[in-house]
J.: 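Before we start, here is the structure in question, set down as C-alpha cells.
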Amino acid sequence: MAALRLGSLPPPTSTGITVTKKCERFNGGFKVVGDGGGDNGFPPFLPKEIEKIKDPFARNLARRIKRLPVQIGCSESYIMSSCVQPLAQTDANPVALLHCFDSSCLEWRRAYPLLEKSGLEAWALDILGWGFSDLGKLPPCNVASKRYHFYQLWKSYIKRPMVLVGPSLGAAVAIDFAVNYPEAVEKLVLINPSVYAEGTGNLAKLPKVVAYAGVSLLKTFPLRLYANLLAFDGIPLSKSLDWTNVGRLHCHMPWWKDATVNFMVSGGYNVVSKIKQVKQKTLIICGENDKIVSNQLAMRLRFELPNASMQRLPDCGHLCHVDKPRNVVKLIADFARAK
C-alpha cells in the first residue's frame, strides 16, 4: 500500500470567509438573504461555547457554516439544515463530506481549506440529527429520515453526482445512501470505515429513561476526552482538550439529546447486507494506528466491495482527515479527478 509523507498544515487565514444568512418566508417557502453574522463573525445559531474554542481552523470553518432550507414533506415543511457551502461551482463533480457518529461538519476544519485550495467544489454537511441544523420541531432521526433529508439537500443544491466521503460511521451513511440513490453518487471515499456494526444493538431496546441517561453520559467532557485520546495518534494534551470542545460543540444544541435518543432507539445503521450492492468505485483510507476500528475490518471491506482500492497512512489514528489533512486531501483530490 502506498504511504504518503507530506508537509505540515499551513497556518489558517481569514480570507474567503462568509457568514451565515438570515432566512425569510416567501410564497410558503424560504430563501437565504442578507448577512447574519453574530459576535466575531460566528453564525448566531451556534452555541455560545464556540467562543471557548481556540483552534483557529475550527473558528474559521465555524464562520462559514450556514443553514439552507431543505424540504422534507409538504410545501410548508422545511428543515433549516447546516452545512459549509462552496464559494464557487466547478466543472468537475463536487465532493460531499460527511462526518462521524454524533459529530458535525467541523470535523473537516483542517482539510476543508486544502480541498478548496486544490480547486475542488466541496460541501461539508451535517447529517440530520447531528451538527447545527434547526430541529426545534424534531423530525424522526432514524436511518430512513437521515437518508431522505440528505437526498433532498442533494436534489435542491448539489444536483450532480458526488464524490461522497464518509469517515467512521459516516462510511455506513455513505454506503446506505449510495445504494439507495446511485444516481447521486459517482464515487465513494471511506475513511477508517465503521460499517460492520449491526446498528445500535441492544441499545435500541432500552427504556427511554435509561436511554436518556446514557445519552447524557455521552455528552460529558471526560468521556469525549477519552474518545479523543483514542482517536488521535500522540497529540499534546492541550490540543486534545480543545479538540474535545470542538467535537462536543453540537451537543449544546437544545434538540441534541432528543435527536440522539431517537436515533439510538430506532436501531441505527446496519449496512452489512448492502456492501456488495455498492456499484461505485471506492477508495478506502486507513490510518495505520487506528485504535477504534481495526485495520483488519478495513481490509475485509476492501475485498467485499466490488470495486475498491485501499491506501494506508502511517503514523495516523482514527480521524485521518483531522490528523493528516494534507495526505487525505491529496488522496481525495487524485481519486476524484481520476478517470
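Everything numeric here is computed off the predicted structure, so don't read it as measured data.
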J.: Any side-chain to backbone donor/acceptor pair from N192 onto G317? Under 3.5 Å, distance only.
T.: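 Pair found, side chain donor or acceptor close to backbone of G317.
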
J.: Could you measure the distance from the CG atom of L223 to the CG atom of N228? Nearest 0.5 Å is fine.
T.: 11.0 Å

J.: If you round to the nearest 0.5 Å, how far is CG of L319 from CD1 of I191?
T.: 9.0 Å

J.: Between V179 and P182, what is the shortest heavy-atom contact and its length?
T.: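 Closest heavy-atom pair between V179 and P182: O-CD, 3.6 Å.
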
J.: Evaluate the side-chain proximity of L229 to K291: yes if any heavy-atom separation is below 4.5 Å, no if none is.
T.: no

J.: Would you please say whether a donor-acceptor pair under 3.5 Å links the side chains of H250 and D102?
T.: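 Result is yes, a qualifying pair exists.
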
J.: For the residue pair F177 and K146, establish whether any side-chain heavy-atom pair is separated by less than 4.5 Å.
T.: no

J.: Do E116 and P113 make a side-chain contact, defined as non-hydrogen atoms from C-beta onward lying under 4.5 Å apart?
T.: no

J.: Under a 3.5 Å distance rule, please check whether S133 uses its side chain to pair with a backbone N or O of S82 as donor and acceptor.
T.: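 Here the side-chain-to-backbone pair exists.
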
J.: Taking N142 for the side chain and S266 for the main chain, is one N or O donor matched with an acceptor at less than 3.5 Å?
T.: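 The answer is no, because no donor-acceptor pair under 3.5 Å joins these two groups.
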
J.: Can you check side chain to side chain contact (heavy atoms under 4.5 Å, CB included) on Q277 and K274, steps first, answer last?
T.: CA-CA 5 Å; Q277 300 176 42; K274 296 181 179 180; 4.2 Å; yes

J.: Answer yes or no: is there a side-chain heavy-atom contact under 4.5 Å between V95 and V165?
T.: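 Yes - at least one pair of side-chain heavy atoms lies under 4.5 Å apart.
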
J.: Restricting to non-hydrogen atoms, name the atom on I292 and the atom on A227 that form the minimum distance, rounded to 0.1 Å.
T.: CD1-O, 4.4 Å

J.: Taking all non-hydrogen atoms of both residues, which atom of V195 and which atom of V272 are closest, and how far apart?
T.: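 Residues V195 and V272, closest heavy atoms: O-CG2, 3.8 Å.
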
J.: Check whether any side-chain heavy atom of N262 sits under 4.5 Å from a side-chain heavy atom of M264, and report yes or no.
T.: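 Counting from C-beta outward, N262 and M264 never come under 4.5 Å.
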
J.: For the residue pair S104 and H99, what are the closest heavy atoms and their distance?
T.: O-CB, 3.4 Å

J.: For a 4.5 angstrom cut-off between non-hydrogen side-chain atoms, does S294 reach L297?
T.: yes

J.: When you measure from the side chain of D126 to the backbone N and O of S81, does any donor-acceptor pair fall under 3.5 Å?
T.: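 Side chain of D126 to backbone of S81: no pair is present.
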
J.: Show your reasoning for whether side chain to side chain contact (heavy atoms under 4.5 Å, CB included) applies to S240 and L225.
T.: CA-CA 7 Å; S240 188; L225 176 61; 3.6 Å; yes

J.: Please say whether more than 12 non-hydrogen atoms of neighbouring residues, nucleotides or ligands are located less than 6.0 Å from NZ in K219.
T.: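 Above 12, so yes.
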
J.: Donor-acceptor pair, E288 side chain versus D315 backbone, under 3.5 Å?
T.: no

J.: Decide yes or no on side chain to side chain contact (heavy atoms under 4.5 Å, CB included) for F232 and V322, but give the supporting numbers first.
T.: CA-CA 9 Å; F232 296 106; V322 184; 3.6 Å; yes

J.: Counting C-beta onward and ignoring hydrogens, is there a side-chain heavy-atom pair between M299 and C286 closer than 4.5 Å?
T.: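 Answer no - side chains too far apart.
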
J.: Quick one, F221 and N245 - any side-chain contact, counting heavy atoms below 4.5 Å?
T.: yes

J.: Counting heavy atoms not belonging to E304, are there more than 12 under 6.0 Å from its CD?
T.: yes

J.: Name the orientation class of the two ring planes belonging to F263 and W130 (parallel below 30°, tilted from 30 to 60°, perpendicular beyond 60°).
T.: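 Rings of F263 and W130: perpendicular, over 60°.
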
J.: Crowded around E183 CD? As in, over 12 foreign heavy atoms under 6.0 Å?
T.: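 Yes, CD of E183 has more than 12 neighbouring heavy atoms, counting only those of other groups under 6.0 Å.
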
J.: Are R109 and F57 in a cation-pi contact, defined as NZ or CZ under 6.0 Å from the six-membered ring centre and within 45° of the axis?
T.: no

J.: Using atom types as modelled and distance alone, determine if a side-chain donor or acceptor of Y112 lies under 3.5 Å from a backbone N or O of A122.
T.: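 Yes: the side chain of Y112 pairs with the backbone of A122.
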
J.: Would you say W255's side chain and G129's backbone share a donor-acceptor pair under 3.5 angstrom?
T.: no

J.: Counting only N and O atoms by type, is there a donor-acceptor contact under 3.5 Å from the side chain of W123 to the main-chain atoms of L98?
T.: no

J.: Does NZ or CZ of R67 lie under 6.0 Å from the centre of the six-membered ring of F132, at an angle within 45° of the ring axis?
T.: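 So R67 doesn't make the cation-pi contact.
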
J.: Just how far is it from atom CG of L313 to atom CZ of R326, taken to the nearest 0.5 Å?
T.: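 Spacing of CG (L313) from CZ (R326) equals 14.5 Å.
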
J.: Check for a donor-acceptor pair, side chain of S216 on one end and backbone N or O of Y212 on the other, with a separation under 3.5 Å.
T.: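 Yes: the side chain of S216 pairs with the backbone of Y212.
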
J.: Kindly check if the number of other-residue, nucleotide or ligand heavy atoms within 6.0 Å of OH (Y226) is above 12?
T.: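 Open.
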
J.: For the residue pair V215 and W256, what are the closest heavy atoms and their distance?
T.: O-CH2, 3.3 Å

J.: Taking it one step at a time, do W108 and H321 satisfy ring-ring contact (aromatic ring centres under 6.0 Å, His included)?
T.: CA-CA 7 Å; W108 291 95; H321 49 305; 4.4 Å; yes

J.: Let me confirm one number: the CG-CZ distance from N295 to R300, rounded to the nearest 0.5 Å.
T.: 14.5 Å

J.: Is there a salt bridge (charged side-chain N to carboxylate O under 4.0 Å, His left out) between D334 and K330? Walk through the geometry before answering.
T.: CA-CA 6 Å; D334 289 348; K330 185 177 189 313; 2.7 Å; yes

J.: Counting distance only, does the side-chain N/O of E107 pair as donor-acceptor with the main-chain N or O of C100 below 3.5 Å?
T.: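 Yes.
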
J.: Same cluster for L188 and F101 if Ile/Leu/Val/Met/Phe/Trp/Tyr side chains link at under 4.5 Å?
T.: yes

J.: How close do P94 and I158 get, counting heavy atoms only, and between which atoms?
T.: CG-CG2, 3.5 Å

J.: Just by distance, with hydrogens left out, do N93 and E186 show a side-chain donor and acceptor under 3.5 Å apart?
T.: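 Present: a donor and an acceptor within the cut-off.
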
J.: Let me confirm one number: the CD1-SG distance from I65 to C105, rounded to the nearest 0.5 Å.
T.: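 It is 4.0 Å, given to the nearest 0.5 Å.
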
J.: Flag this pair as yes if the NZ/CZ of K187 is under 6.0 angstrom from the six-membered ring centre of F335 and inside a 45 degree cone about the axis; otherwise no.
T.: yes

J.: Just verifying a value: how many Å separate D323 CG and H318 NE2, rounded to the nearest 0.5 Å?
T.: 11.5 Å

J.: Test side chain to side chain contact (heavy atoms under 4.5 Å, CB included) on I285 and L190; report intermediate values, then the result.
T.: CA-CA 6 Å; I285 301 174; L190 309 178; over 6 Å; no

